[in-house]
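All residue numbers refer to positions in the sequence shown, counting from 1. Owing to the predicted nature of the structure, the values given are computational and were not obtained by experimental measurement.
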Amino acid sequence: MWFRRIIDKREENLSSRPFQSLQEVEDYAEWTVSSVNYLLLETLGVKNVHADHAASHIGKAQGLVILLRSTPHFGSASRVYLPTELLLKYSVSQQDIIRGKRIKKVKDVIYDVAGLAHQHLEKARSFKKDVPNEAVRVFLPTVVCDWYLKALQRADFDVFHPKLRKRNNLLPLSMVMRKFKNTY
């Protein structure tokens, strides 16, 4: 069921059209990224409503972070997937993204997306006490989301900042540490 859900949503989204709203991005992330989390939980034999709820929020956060991280790459290929409603709200043109403009109104769009991703991470963590220990390893990718969102904040939400393209070689170590602390 989960695997079919992922394929169906990816097939539906093969076009190069941008998302219309943040809700549309969240829905896409739920159907694709969260479904992978559900599939992993099922594989581990974890059947827990709190783990499922956390998986949903983590998947949405991951989807939003993927959208942010891919913005410079897709922009350089003349494709923009940031929600149209946010571009309109802040009077940002697709050309601003394609040209990699590092201006305040672009940063405002990025801030809104990043803020929503952070909210989803915090909501997922609010279930920690009710999530079985076996599920924690499925949620370790939150380390990557955390790192990117903090780096983006340090870059003043400039998604085109060169420091955001650098590899963080400490991420695997951070994941191991969180695994031993049994947290996500």
Side-chain angles (χ1 to χ4, degrees), residues 6 9-10 12-38 52-128 139-168 171 174 184:
I6 295 165
K9 198 60 169 181
R10 296 260 176 168
E12 183 182 309
N13 201 45
L14 285 175
S15 70
S16 292
R17 78 173 181 81
F19 294 103
Q20 295 303 305
S21 65
L22 274 173
Q23 183 62 53
E24 198 175 304
V25 177
E26 286 180 298
D27 292 345
Y28 181 75
E30 173 67 28
W31 278 78
T32 56
V33 186
S34 295
S35 291
V36 171
N37 291 339
Y38 301 141
D52 288 346
H53 206 145
S56 173
H57 284 286
I58 289 168
K60 289 175 184 176
Q62 287 173 297
L64 291 163
V65 168
I66 290 167
L67 174 67
L68 292 171
R69 290 185 75 178
S70 65
T71 295
H73 169 75
F74 284 123
S76 69
S78 298
R79 293 183 297 193
V80 177
Y81 293 104
L82 292 168
T84 304
E85 75 174 2
L86 286 181
L87 297 178
L88 292 173
K89 177 181 176 182
Y90 292 108
S91 301
V92 174
S93 71
Q94 288 195 357
Q95 288 302 312
D96 291 336
I97 304 300
I98 291 168
R99 292 184 181 134
K101 289 196 174 176
R102 300 169 75 181
I103 54 179
K104 184 185 180 327
K105 58 187 184 177
V106 171
K107 292 178 182 182
D108 291 339
V109 170
I110 301 304
Y111 176 84
D112 281 8
V113 177
L116 185 57
H118 179 74
Q119 287 174 19
H120 280 297
L121 285 177
E122 291 304 309
K123 185 66 174 177
R125 288 183 175 125
S126 73
F127 299 108
K128 172 63 182 104
F139 303 148
L140 289 177
T142 59
V143 171
V144 177
C145 292
D146 269 337
W147 173 80
Y148 184 79
L149 291 173
K150 286 175 184 169
L152 186 60
Q153 184 179 23
R154 285 191 301 273
D156 192 30
F157 300 96
D158 177 4
V159 76
F160 301 106
H161 197 288
K163 285 186 178 179
L164 294 176
R165 292 187 213 132
K166 291 188 178 180
R167 177 180 299 220
N168 180 347
L171 282 176
S174 297
Y184 55 89

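- More than 12 heavy atoms of other residues, nucleotides or ligands shown are found within 6.0 angstrom of NZ on Lys128.
- In the model, Glu30 has a side-chain atom that pairs as donor or acceptor with a side-chain atom of Tyr38 under 3.5 Å.
- To the nearest 0.5 Å, atom CZ of residue Arg69 and atom CD of residue Gln62 are 11.5 Å apart.
- Of the possible donor and acceptor atoms, none in the side chain of Ser78 sits under 3.5 Å from a partner among the backbone N and O of Ile98.
- Annotation: the span from Thr71 atom OG1 to Ile66 atom CD1 amounts to 11.5 Å, rounded to 0.5 Å.
- Between Phe74 and Tyr81, the ring planes are perpendicular. Angles over 60° get that label, and only those under 30° would be called parallel.
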(request) With side chain to side chain contact (heavy atoms under 4.5 Å, CB included) as the test, would you mind laying out the steps for Val92 and Ile103 before giving the verdict? (result) CA-CA 10 Å; Val92 174; Ile103 54 179; over 6 Å; no
(message) Using the rule given for side chain to side chain contact (heavy atoms under 4.5 Å, CB included), can you reason through Lys60 versus Leu116, listing the C-alpha separation, both sets of side-chain angles and the distance that settles it, and then say yes or no?
(response) CA-CA 9 Å; Lys60 289 175 184 176; Leu116 185 57; over 6 Å; no
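- The two residues Asp158 and Leu164 make their nearest non-hydrogen contact at O-CD1, 3.3 Å.
- Remark: of the listed residues Lys104, Lys163, Lys107, Lys107 is the sole one forming a salt bridge (charged side-chain N to carboxylate O under 4.0 Å, His left out) with Asp156.
- Between Lys105 and Asp96, the shortest heavy-atom distance links the atoms CE-OD2, 3.6 Å.
- Atoms CG and CG, on Asn37 and Asp52 in that order, are 10.0 Å from each other to the nearest 0.5 Å.
- Atom NZ of Lys150 sits in a sparse spot, with 12 or fewer heavy atoms from other residues, nucleotides or ligands closer than 6.0 Å.
- Residues satisfying the side chain to side chain donor-acceptor pair (under 3.5 Å) test with Gln153, not counting sequence neighbours, are none.
- Looking at every heavy atom in both residues, Pro83 comes nearest to Ser21 through CB-C, 3.6 Å.
- When all heavy atoms of Ala29 and Gly59 are compared, the pair lying nearest together is CB-O, 3.7 Å.
- Between Leu152 atom CG and Trp147 atom CH2 the span is 10.0 Å, to the nearest 0.5 Å.
- In this structure, Tyr111 and Phe157 have perpendicular ring planes: the angle between them is above 60°, well past the 30° mark.
- Between Asp108 atom CG and Leu87 atom CG the span is 12.0 Å, to the nearest 0.5 Å.
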(message) Please determine whether salt bridge (Lys or Arg N to Asp or Glu O under 4.0 Å) holds for the pair Asp112 and Lys89, giving the CA-CA distance in whole Å, both sets of side-chain angles, and the decisive distance to 0.1 Å.
(response) CA-CA 11 Å; Asp112 281 8; Lys89 177 181 176 182; 3.5 Å; yes
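- Smallest separation of non-hydrogen atoms from Ala117 and Leu149: CB-CD1, 4.1 Å.
- Minimum interatomic distance between Ser34 and Ser56 (heavy atoms only, all atoms of both residues): OG-O, 3.0 Å.
- Side-chain contact, His120 with Glu26: a donor N or O sits under 3.5 Å from an acceptor N or O.
- In this structure, Leu68 and Tyr148 have side chains that are in contact, with non-hydrogen atoms separated by less than 4.5 Å.
- For the atom pair CD (Gln20) and CG (Leu88), the distance works out to 9.0 Å, reported to the nearest 0.5 Å.
- Here the side chain of Glu85 pairs a donor or acceptor atom with the backbone of Leu22 at under 3.5 angstrom.
- Counting heavy atoms from C-beta outward, Val159 and Pro72 have side chains that approach closer than 4.5 Å.
- Among residues two or more places apart in sequence or in another chain, the side chain to side chain donor-acceptor pair (under 3.5 Å) test is passed with Asn168 by none.
- Proximity of a side-chain donor or acceptor of Tyr184 to a complementary backbone N or O of Ala124 within less than 3.5 Å is detected.
- With hydrogens and angles ignored, the 3.5 Å screen pairs a side-chain donor or acceptor of Arg165 with a backbone N or O of Phe160.
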